[in-house]
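In this chain, residues are counted from 1 in sequence order.
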Amino acid sequence: MGGDFRTRRRVLWTAGVVVLAVAASAVTWAVRRPDERAVTSSVPALVTPTVAATPSEARMVAQVDALLKARAAAVLGGKLPAFLGQLDPGNAKLRARHQQVFGNLRKIGLRTLTYRREAGWVPEKQAQHGANAYAFRIMMLVQVNGIDTAARYVPVGYTFAERNGRWLLVDDDDLAAEADRGKTREPWDLGPLEVVRGPGVLVIVPPSERANGRRLLREARIATPAVRAATRRAQAGILIVALGDGRSFAAEWETGGHPAAAVAVQNYTPINAEATQFKVNGSRVVIHPSERSDADRFLLAHEFTHAALSPLGHGAPTWLVEGFAEYVEMELTADEGHTQWLADHRRAIRREGLPKLKVLPIDGVFHGAYDEQSYGVSWLIVEHLVTTYGLPRVNAFYAELAKSPDDPTARDQALAKHFKTTDAALVAAVKE
Ligand SMILES: [Zn+2]
């Protein structure tokens, strides 16, 4: 194994968990809205008051609801004519695009699919589509068969218009500029795709790259037991997106100033009837387009670790989140017999990274103080904990911090409780 499997990688735990989260309960944690931008930035749509509907508005809303229900039923039932029958007959591009989406969703295989109007959103007039045309914010709730344990929220914006007394879907990008409509495109929106399926894994690739899909499936099936052994957890199923289209990977998914090689992106599921609160119900792994042929079991083990642990909550400090993922990856590296590589790697971190270690690297310190060695330093800290206290206690420590507020007091208390140590004492022990 050459050293380059790690040169351009590195991964954010997630984009934005830190700013979006509002702790809800001990067991789950919820956010007001899945996209991090929505909470912190001014998004007018979120505060638009609901106005009392007139009879004609109520009729429109009822027809739109019926149309959304029929759309989902057509996809689930494989009824293309019914699906196409809801689309503006005069908009060939829209029809072609949605026929592709239909085919892609059929290929991926859905267990459930629901489209719901977002509560509290006032339909926005879209005069360019005619006198009676309105854009709606829609929650697409999609559950991939054999992979997702619950439906995941995907934001979409559809414009509906009345044509000859019938409501039709006439456009799908009138709300695209809104800050919380998602920074990336879903794989089914990006043209033709191919799917490679195995037990608990589904890989989405470009049509000409089935071989790479099968390779990634093999790598994933090697990574999964390593993750399960360390975390005592695993996702029931995991979706891997390995497309060449740059729109599948958000520009903000970077780490240390360069794009991540892959990201474990959290899946959000509504937890109340109004769908105003969400919880993390798993993750999907999106591979950077330029890394899709190189992504291997080690990278996947790292990402799968994030995926397995993220439902626990978002309070764990960066050194623990990344250190644990690194730990799993390095254990697999050792299991695969790359002992010389591992020894060299460890030596480099001890020489270059550890001397700079002053405090346990949390956000802000993580890349700042140790730069490229941030992950390695965090790995050595977690490895030290596992060696000294054992995996079960490290897992218990992780679980407790994950559901705690991400603050120094909680971290100090957890270090004292689980390891009878302090930040300073732990740093000193690792450096020894
Ligand atoms: Zn990571």
Undergrad: Are R292 and V203 packed together at the side-chain level, in the sense that at least one heavy-atom pair is separated by less than 4.5 angstrom?
TA: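 Result no, sub-4.5 Å side-chain heavy-atom pair not found.
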Undergrad: Would you say the side chain of S378 lies within less than 4.5 Å of the side chain of P361, judging by non-hydrogen atoms?
TA: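 They are in contact (side-chain heavy atoms under 4.5 Å apart), so the answer is yes.
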Undergrad: Any donor-acceptor pair under 3.5 Å linking the side chain of R214 with the backbone of R197?
TA: no
Undergrad: Kindly give the heavy-atom pair with the smallest separation between A151 and T112, and that separation in Å.
TA: CB-OG1, 4.1 Å
Undergrad: Using modelled atom types and a 3.5 Å cut-off, is there a donor and acceptor pairing between side-chain atoms of R106 and backbone atoms of L76?
TA: yes
Undergrad: Return yes if some donor-acceptor pair links the side-chain N/O of R232 with the main-chain N/O of A229 below 3.5 Å, else return no.
TA: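 Pair found, side chain donor or acceptor close to backbone of A229.
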Undergrad: What pairs meet the ring-ring contact (aromatic ring centres under 6.0 Å, His included) rule with one or both residues in residues 194-216, with sequence neighbours excluded?
TA: none
Undergrad: Decide whether N267 and R284 meet the rule of one side-chain donor and one side-chain acceptor closer than 3.5 Å.
TA: yes
Undergrad: Would you call Y134 and V122 a side-chain contact if the rule is heavy atoms closer than 4.5 Å?
TA: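 Side-chain contact under 4.5 Å: no.
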Undergrad: Identify the heavy atoms of L312 and Y398 that sit nearest to each other, and give their distance.
TA: CD1-CD2, 4.1 Å
Undergrad: Where do T149 and N281 land on the side chain to side chain donor-acceptor pair (under 3.5 Å) test, with the steps shown first?
TA: CA-CA 8 Å; T149 51; N281 211 302; 3.1 Å; yes
Undergrad: Let me confirm one number: the CG-CG distance from L169 to L68, rounded to the nearest 0.5 Å.
TA: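 Separation between the atoms: 8.0 Å.
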Undergrad: side-chain contact (heavy atoms from CB on, under 4.5 Å) between V377 and I349: does it pass, once the steps are laid out?
TA: CA-CA 6 Å; V377 165; I349 297 161; 4.0 Å; yes
Undergrad: Using a 4.5 Å cut-off on heavy atoms from C-beta on, say whether the side chain of L87 contacts that of L168.
TA: no
Undergrad: So, does E219 use its side chain to make a donor-acceptor pair with the main chain of R297 at under 3.5 Å?
TA: yes
Undergrad: Determine yes or no for a side-chain-to-main-chain donor-acceptor pair under 3.5 angstrom, with S283 supplying the side chain and A264 the backbone.
TA: no
Undergrad: Check step by step if side-chain contact (heavy atoms from CB on, under 4.5 Å) holds for W121 and L175.
TA: CA-CA 12 Å; W121 161 259; L175 300 180; 3.9 Å; yes
Undergrad: Could you walk me through whether V196 and L216 pass side-chain contact (heavy atoms from CB on, under 4.5 Å), step by step?
TA: CA-CA 9 Å; V196 179; L216 284 166; over 6 Å; no
Undergrad: Between A301 and V227, what is the shortest heavy-atom contact and its length?
TA: O-CG2, 3.5 Å
Undergrad: To the nearest 0.5 angstrom, please state how far the CD atom of Q143 sits from the CZ atom of R111.
TA: 5.5 Å
Undergrad: Does NZ or CZ of R152 come closer than 6.0 Å to the centre of the six-membered ring of Y268, within 45° of the ring's axis?
TA: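 Judged by the rule, R152 and Y268 form no cation-pi pair.
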Undergrad: Should the pair D65-R116 be classified as a salt bridge under the 4.0 Å nitrogen-to-oxygen rule?
TA: no
Undergrad: Between R346 and M330, does a side-chain contact (heavy atoms from CB on, under 4.5 Å) hold up when you go through it step by step?
TA: CA-CA 10 Å; R346 188 190 301 277; M330 295 309 155; over 6 Å; no
Undergrad: Strictly distance-based, threshold 3.5 Å: is any side-chain N or O of D172 a donor or acceptor partner for the main-chain N or O of Y158?
TA: no
Undergrad: Could you tell me whether K125 atom NZ has more than 12 heavy atoms of other residues or ligands within 6.0 Å of it?
TA: yes
Undergrad: Does R97 CZ have over 12 foreign heavy atoms under 6.0 Å away?
TA: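 Correct, the count exceeds 12.
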Undergrad: What distance separates S310 OG from Q235 CD, expressed to the nearest 0.5 Å?
TA: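 So the gap between those two atoms works out to 6.5 Å.
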Undergrad: Find the distance between CG (L401) and NZ (K403) and round it off to the nearest 0.5 Å.
TA: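 Reported value, rounded in 0.5 Å steps: 10.5 Å.
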Undergrad: Answer with yes or no after comparing the ring centroid distance for F298 and H338 against a 6.0 Å cut-off, counting only values under it.
TA: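 Yes.
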Undergrad: Using 0.5 Å steps for rounding, measure from the CD1 atom of I238 to the OG1 atom of T224.
TA: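 So the CD1 of I238 and the OG1 of T224 are separated by 7.5 Å.
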Undergrad: Are the side chains of M139 and Y115 in touch, meaning some heavy atoms are under 4.5 Å apart?
TA: no
Undergrad: Between L190 and L243, which heavy-atom pair has the shortest distance, and what is it?
TA: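 Of all heavy-atom pairs spanning L190 and L243, the closest is CD1-CD1, 4.0 Å.
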Undergrad: Quick one: are P123 and M60 in side-chain contact, heavy atoms under 4.5 Å?
TA: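 In short, these two side chains touch, coming nearer than 4.5 Å.
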Undergrad: How many angstroms lie between atom CZ of R95 and atom CZ of F83, to the nearest 0.5 angstrom?
TA: 10.0 Å
Undergrad: Can you tell which of D88, N91, D174 makes a side chain to side chain donor-acceptor pair (under 3.5 Å) with H129?
TA: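 Of all the options given, the one that passes is D174.
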Undergrad: Under 3.5 Å, is there a donor-acceptor pair between the side chain of N212 and the main chain of P206?
TA: no
Undergrad: Find out whether H314 and V321 are in side-chain contact, i.e. whether some heavy atom of one side chain is under 4.5 Å from a heavy atom of the other.
TA: no
Undergrad: Does F278 form a ring pair (Phe, Tyr, Trp, His ring centres under 6.0 Å) with Y153? I'd like the steps, not just the answer.
TA: CA-CA 9 Å; F278 298 81; Y153 163 88; 5.1 Å; yes
Undergrad: If you define the side chain from C-beta out and look only at heavy atoms, does anything of T159 sit under 4.5 Å from F136?
TA: no
Undergrad: Taking the inter-plane angle between the rings of Y375 and H302 on a 0 to 90° scale, is it parallel (under 30°), tilted (30 to 60°) or perpendicular (over 60°)?
TA: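 If you compare the ring of Y375 with that of H302, the planes turn out tilted.
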Undergrad: Under 6.0 Å between the ring centres of W253 and H288?
TA: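 Ring centroids of W253 and H288 are no less than 6.0 Å from each other.
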Undergrad: Going by the side chain to side chain contact (heavy atoms under 4.5 Å, CB included) test, name the single residue among N104, V154, D245, V101 that passes it with D189.
TA: V101
Undergrad: Let's go through E124 and R137 carefully: what are the C-alpha distance in whole Å and the side-chain angles of both, what is the deciding distance for salt bridge (charged side-chain N to carboxylate O under 4.0 Å, His left out) to 0.1 Å, and is it a yes or a no?
TA: CA-CA 9 Å; E124 195 176 84; R137 290 165 64 109; over 6 Å; no
Undergrad: Under a 4.0 Å N-O cut-off, is there an ion pair linking E194 with K107?
TA: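 Result for this pair is yes, salt bridge flagged.
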Undergrad: What pair of heavy atoms forms the shortest contact from V201 to L217, and how long is it?
TA: CB-CD1, 3.5 Å
Undergrad: Which heavy atom in A262 sits nearest to a heavy atom in V285, and how many Å separate them?
TA: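 Nearest heavy atoms, A262 then V285: CB-CG1, 4.4 Å.
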Undergrad: Does the side chain of H306 come under 3.5 Å of the side chain of E322 through a donor N or O and an acceptor N or O?
TA: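 Looking only at side-chain atoms, E322 and H306 do form a donor-acceptor pair, the distance falling under 3.5 Å.
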